[in-house]
Amino acid sequence: QVHLVESGGGSVQPGQSLRLSCTASERTGSSYSLGWFRQAPGKEREFVAAFRGRDSRTYYADSVKGRFTISRDTAKNTVYLQMDNLALEDTAVYYCAAGVNLITSSMRLGSQYRYWGQGTQVTVSS
């Protein structure tokens with residue numbers, strides 16, 4: 001059982017930045033993929049970004065491409081989501097997730113991730 005703990009959420013104004021962190025309770029090897037999802041009030045959970053351990057390939061939702069960057073620090077068992085130029089529509093609870101041996105077509109599917117964090121709130125308002 002892998003426990004994931006997110007941190008770094010907060011309230012910012014449009015155009016500002018935040019960095020989210022997700023630390024795993026144990027080492028997640030190359031077979032793990034780590035992803036970020038978000039859920040805004042009244043909306044379905046949606047994929048944001050993911051990092052596949054076995055080849056270090058990254059995946060992004062079109063809505064965040066060019067503004068968000070996912071990265072991983074293996075030594076710290078931590079994955080980061082750097083969010084720049086935040087917009088009002090980025091307001092949501094952000095969840096970290098971990099999946100095992102995910103193939104490309106599964107990287108954006110929340111149902112394929114086995115472990116989830118508790119979420120951290122990101123609020124963008126003027």
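These numbers come from the heavy atoms of this one structure, side chains and all, not from hydrogens, waters or symmetry mates. All figures in this text were calculated on a predicted structure; none of them were measured in a lab.
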Asker: Which heavy-atom pair separates Ser21 from Trp36 by the least distance, and what is that distance?
Answerer: O-CH2, 3.7 Å
Asker: State whether the side chain of Tyr60 and the backbone N or O of Ile70 hold a donor-acceptor pair below 3.5 Å, judged by distance alone.
Answerer: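 Side chain of Tyr60 to backbone of Ile70: a pair is present.
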Asker: Could you go through residues 101-117 and list every donor-acceptor pair under 3.5 Å that involves a side-chain atom there, pairing it with any protein atom two or more places apart or in another chain?
Answerer:
{"residue": "Thr104", "atom": "OG1", "partner": "Arg52", "partner atom": "NH1", "Å": "3.0"}
{"residue": "Tyr113", "atom": "OH", "partner": "Met107", "partner atom": "O", "Å": "2.6"}
{"residue": "Trp116", "atom": "NE1", "partner": "Tyr113", "partner atom": "O", "Å": "3.3"}

Asker: Between OG of Ser125 and CG of Leu86, what distance do you get to the nearest 0.5 Å?
Answerer: 11.0 Å
Asker: CZ of Arg38 to CD of Glu89: how many Å apart, nearest 0.5 Å?
Answerer: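 Answer for the CZ-CD pair, Arg38 versus Glu89, is 8.0 Å.
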Asker: I need the Leu34 CG to Thr58 OG1 distance, nearest 0.5 Å.
Answerer: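 Taking CG in Leu34 and OG1 in Thr58, the distance rounds to 12.5 Å.
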Asker: Report yes if some heavy atom in the side chain of Tyr95 is under 4.5 Å from a heavy atom in the side chain of Leu4; otherwise report no.
Answerer: no
Asker: Locate the shortest heavy-atom distance separating His3 from Gln1; write the atom from each residue and the value.
Answerer: NE2-CG, 3.7 Å
Asker: Do we see a donor-acceptor contact under 3.5 Å between the side chains of Thr23 and Thr78?
Answerer: yes
Asker: CG/Asp90 to OG1/Thr123 distance, rounded to the nearest 0.5 angstrom?
Answerer: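 Going from CG on Asp90 over to OG1 on Thr123, the span is 11.0 Å.
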Asker: Of all residues at least two apart in sequence or in a different chain, which pass the side chain to side chain contact (heavy atoms under 4.5 Å, CB included) check with Thr74?
Answerer: Arg72
Asker: Is there a side-chain contact between Ser56 and Phe51 (heavy atoms, below 4.5 Å)?
Answerer: yes
Asker: Are Met83 and Phe47 in one and the same hydrophobic cluster, where Ile, Leu, Val, Met, Phe, Trp and Tyr link if side-chain heavy atoms are under 4.5 Å apart?
Answerer: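 Not linked; separate clusters.
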Asker: Which donor-acceptor pairs under 3.5 Å do side chains of residues 13-20 form with protein atoms, sequence neighbours excluded?
Answerer:
{"residue": "Gln16", "atom": "OE1", "partner": "Gln13", "partner atom": "N", "Å": "2.9"}
{"residue": "Ser17", "atom": "OG", "partner": "Asp84", "partner atom": "OD1", "Å": "2.8"}

Asker: With disulfide (SG to SG under 2.5 Å) as the rule and sequence neighbours excluded, what pairs involving residues 29-59 come up?
Answerer: none
Asker: Can a donor-acceptor pair be found, under 3.5 Å and without considering hydrogens, that links the side chain of Glu6 to the backbone of Gln118?
Answerer: yes
Asker: Grouping I, L, V, M, F, W and Y whenever their side-chain heavy atoms are under 4.5 Å apart, do Val2 and Tyr80 come out in a common cluster?
Answerer: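 Different clusters.
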Asker: Disulfide (SG to SG under 2.5 Å): which pairs involve residues 31-80, sequence neighbours left out?
Answerer: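 Qualifying pairs, neighbours excluded: none.
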Asker: Are more than 12 heavy atoms from other residues, nucleotides or ligands located less than 6.0 Å from atom CD of Glu26?
Answerer: yes
Asker: Please report the interatomic distance OH(Tyr94) to OG1(Thr120), rounded to the nearest 0.5 Å.
Answerer: 10.5 Å
Asker: Is there a path of hydrophobic side-chain contacts, each under 4.5 Å between heavy atoms of I, L, V, M, F, W or Y residues, that connects Tyr32 with Tyr59?
Answerer: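 Different hydrophobic clusters.
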Asker: Can you list every disulfide (SG to SG under 2.5 Å) pair that touches residues 56-126, not counting sequence neighbours?
Answerer: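 Residue pairs passing disulfide (SG to SG under 2.5 Å), neighbours aside: Cys22-Cys96.
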